[in-house]
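One structure below.
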Amino acid sequence: VASLEELGLTVFSLPNPTTLEGMFNNLETVAALTGHVNDVPTLLASLRARVSAVDEKILPLSYAPTVYYELDATEPSKPYTAGPGTFVDLLISRAGGVNIGSALEGQWAQISLEQLVVANPAMIILGDAAYGETPEKVSQRPGWGTLSAIQTGQVFPIDDNLVSRPGPRLVDGLEALARLLHPGVFK
């Protein structure tokens, strides 16, 4: 920031939001800064309506599958996952699931194979699919075959860009996660 200011540029820094409402507020700020104040009400109304549609379908459900969201399995015996306070954690919960990573310390945490086996997630979502991870590769990892998600074929790739960057695409990510977690509800 200091380097940009030294060049005579005006710098405005937005904090990373931690909620969807915070992301909506950031959109309003960016619209004001860029001269698009008149465009943002329509965008926000559309995004909020889509979130509400997911909320309405999730609210009456009594089943919330446990989810392991994989960020990086470079070390398959101790891969990285999304911990508490991340948008991934927020969106999994909002989509009607339980993020097993929320029990870990730190937002981007490693989970041991032992912890994963104890948590025994009903679903595995591959945020690292863009880097070559596939359900087939995951099922071949040593020790992973005992996991419910592997045994029932509940391992799915997802476009990580939809859930890891705090912008309007988070609503796309929420909808994508809701369809994965509750396919019978979101047809």
Side-chain angles (χ1 to χ4, degrees), residues 1-61 63-65 67-72 80-102 104 106-109 123-131 133 156-187:
V1 170
S3 296
L4 292 172
E5 289 174 335
E6 287 174 12
L7 293 172
L9 298 172
T10 302
V11 178
F12 189 90
S13 178
L14 284 173
N16 234 0
T18 57
T19 65
L20 287 173
E21 198 56 44
M23 184 267 296
F24 296 148
N25 292 337
N26 278 2
L27 290 176
E28 289 177 317
T29 301
V30 170
L33 291 170
T34 60
H36 291 88
V37 174
N38 294 333
D39 300 329
V40 80
T42 303
L43 173 63
L44 290 178
S46 170
L47 294 173
R48 284 186 171 117
R50 290 169 56 199
V51 170
S52 291
V54 171
D55 289 345
E56 286 174 18
K57 290 183 177 183
I58 294 299
L59 185 62
L61 300 179
Y63 171 67
V67 177
Y68 161 66
Y69 187 94
E70 185 168 278
L71 293 168
D72 180 358
Y80 281 90
T81 191
T86 61
F87 263 111
V88 173
D89 182 44
L90 170 81
L91 294 176
I92 289 171
S93 295
R94 193 86 180 242
V98 177
N99 175 24
I100 65 165
S102 67
L104 301 173
Q107 292 189 327
W108 313 108
M123 299 183 86
I124 296 174
I125 299 178
L126 301 174
D128 54 357
Y131 303 102
E133 290 304 322
F156 304 100
I158 194 168
D159 179 358
D160 188 56
N161 292 308
L162 299 178
V163 297
S164 62
R165 290 179 177 76
R169 288 186 291 184
L170 287 177
V171 176
D172 297 336
L174 173 64
E175 291 169 334
L177 285 168
R179 282 191 301 274
L180 285 175
L181 283 108
H182 301 285
V185 176
F186 294 91
K187 292 183 181 180

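In this chain, residues are counted from 1 in sequence order.
At most 12 non-hydrogen atoms from other residues, nucleotides or ligands lie less than 6.0 angstrom from OH of Y80.
Using modelled atom types, one finds no donor on one side chain facing an acceptor on the other under 3.5 Å when comparing Y131 with E133.
Side-chain atoms of N99 never come within 3.5 Å of backbone atoms of P84 as a donor-acceptor pair (strictly under, hydrogens ignored). Of the possible polar contacts, none joining the S46 side chain to the T42 backbone as a donor-acceptor pair under 3.5 Å is found.
When side chains are defined from C-beta on, T18 does not count as touching N16, because their heavy atoms never get closer than 4.5 Å. At a threshold of 4.5 Å between non-hydrogen side-chain atoms, the residues K57 and H182 do not count as touching. Counting heavy atoms from C-beta on, the side chains of T29 and F12 come closer than 4.5 Å. In this structure, the side chains of W108 and D72 stay at 4.5 Å or more apart for every pair of heavy atoms. Within the 4.5 Å cutoff, the side chain of R94 has heavy atoms near those of the V51 side chain. Using a 4.5 Å heavy-atom threshold, the side chains of L47 and L27 count as touching. Looking at heavy atoms from C-beta onward, P17 lies out of side-chain contact with N25 at the 4.5 angstrom threshold. With a 4.5 Å cut-off on side-chain heavy atoms, L170 and F24 do not count as touching.
Atom-to-atom distance recorded for L126:CG and Y69:OH is 9.0 Å, nearest 0.5 angstrom. Annotation: the span from M23 atom CE to E28 atom CD amounts to 11.0 Å, rounded to 0.5 Å. Taking OG1 of T10 as the start and CG of L7 as the end, the distance is 11.5 Å to the nearest 0.5 Å. Put simply, CG on D160 and CD on E70 are 11.0 Å apart, with the number rounded to the nearest 0.5 Å. Here the CD1 atom belonging to I100 is positioned 6.5 Å from the OG1 atom belonging to T81, to the nearest 0.5 angstrom.
The two residues D89 and S102 come nearest to each other via the heavy atoms OD1-CB, 3.4 Å. Minimum heavy-atom separation, F87 to T19: CZ-O, 3.6 Å. The shortest heavy-atom contact between L177 and I92 is CD1-N, 4.0 Å. Across all non-hydrogen atoms, the minimal contact from Q107 to T86 is O-CG2, 3.2 Å. The two residues L181 and G97 have their closest heavy-atom pair at CD2-CA, 3.4 Å. Closest approach of A82 to L71, counting heavy atoms only: N-CD1, 3.6 Å.
A salt bridge is defined here as a Lys NZ or Arg NE, NH1 or NH2 lying under 4.0 Å from an Asp or Glu carboxylate O, and E21 with R48 meets this definition.
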Open item on the list: Does V163 form a side chain to side chain contact (heavy atoms under 4.5 Å, CB included) with I125? I'd like the steps, not just the answer.
Closed with: CA-CA 12 Å; V163 297; I125 299 178; over 6 Å; no
